[in-house]
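Here the structure is laid out as structure tokens; the discussion comes afterwards.
Lettering of chains follows the sequences in order, A, B, ..., and the numbering in each one begins at 1.
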There are 2 protein chains.
Amino acid sequence: MELRKIFNRISVLRQERGISRKELAEKIGVNFQTVGYLEREEYNPSLDLAFRISEYFNLPINLIFSTKPLKPLSEELLNLKKDTK
Amino acid sequence: MELRKIFNRISVLRQERGISRKELAEKIGVNFQTVGYLEREEYNPSLDLAFRISEYFNLPINLIFSTKPLKPLSEELLNLKKDTK
DNA sequence: GCTATTTGTTGTAAATTTACAACAGACGGT
DNA sequence: ACCGTCTGTTGTAAATTTACAACAAATAGC
């Protein structure tokens, strides 16, 4: 089906929480190397795994994953502030 | 990884739009039997495919897919109205 | 009734995701 | 310098998703 690459913010979110890949892996129930593969965007998570990550970070899927390259969160925040002023 | 089953509203949304599985399949770029598998929830879509469906229906992933059984849309609507009054 | 379209289902092969093991490099604390 | 933890990477096997072909049943239009 020629899969598109999905971009994600997993490593940023994980580092914000100050946890290691191993800890995150345990929380979401996968091998720690799998977290590595996901952070390096070497392959896409399954929908179920995407939901587990979303549940762990308490953020909707669309905020963590995107079909388009993700800007740094800091920049997104800046744009939001611009819009509301 | 013992995958959880993900529930979805694909068949309702498709029927609301009045299109066939074949038409939907063409729009999202998969085989029409694949749409059948998804509607019967025999397997979960990949994250990319979930995004294509989300883009086609112009709805966020979380409104179409869920880890918990989905109530009819009519009921969801009723709950929303209750909350706001 | 006939025909076309849609849907449900099954089977097999290909592609993708995940687990797991192994190893190397970076980094911090002692 | 040593030790432990974290990270990056590669390889292989297992599980899951997808394509595709085939066929039956249901439905709608003529």
Query raised in the report: Distance check: side-chain N/O of B/S46 vs OP1/OP2 of C/dT17, anything under 4.0 Å?
Result: no
Discussion item. Counting only side-chain nitrogens and oxygens, does B/N44 get under 4.0 Å of the OP1 or OP2 atom of D/dT17?
Written reply: yes
query = Think A/N31 has a side-chain N or O under 4.0 angstrom from the OP1 or OP2 of C/dC20?
reply = yes
A/L47 CG to D/dT17 P, in whole Å, measures 9 Å
note: B/E42, atom CD; C/dT9, atom C1'; distance rounded to Å ~ 8 Å
From the candidates D/dT18, D/dT9, C/dT9, the one with an atom nearest any side-chain atom of A/Q33 is D/dT9
Between CZ of A/F32 and C1' of D/dC6 the distance, given in whole Å, is 9 Å
Among the nucleotides C/dT6, D/dT7, C/dT18, whichever has the atom closest to the side chain of A/R14 is D/dT7
Between CG of A/L38 and P of C/dT17 the distance, given in whole Å, is 9 Å
B/L49 atom CG is separated from C/dT16 atom P, nearest whole Å, by 13 Å
Against the side chain of B/T34, the closest entry in D/dA19, C/dC20, C/dT6 is D/dA19
Walking DNA chain C from its 5' end, the first of B/S20 and A/P45 to be reached, judged by nearest nucleotide, is B/S20
From CD of B/E39 across to P of C/dT7 the rounded distance in Å is 7 Å
Closest of C/dT18, D/dT9, D/dC20 to the A/R40 side chain is D/dT9
Self-check item: Any donor-acceptor pair under 3.5 Å from A/Q15 side chain to A/V12 backbone
Solution: no
To the nearest angstrom, the CZ-C1' distance between B/R4 and D/dT16 comes to 16 Å
note: B/E26, atom CD; C/dT5, atom C1'; distance rounded to Å ~ 13 Å
Note to self: Could you tell me if the side chain of B/L24 sits less than 4.5 Å from the side chain of B/I10, heavy atoms only?
What the structure shows: yes
* Asked: Looking at B/Y37, does the NZ or CZ of B/R40 lie under 6.0 angstrom from its six-membered ring centre and within 45 degrees of the ring axis?
  -> yes
Taken to the nearest 0.5 Å, the spacing of A/S54 OG from B/N62 CG works out to 6.0 Å
For A/E39, does its backbone N or O pair with a side-chain atom of A/N8 as donor and acceptor, under 3.5 Å?
no
Among the nucleotides D/dC20, D/dC6, C/dT18, whichever has the atom closest to the side chain of A/Y43 is C/dT18
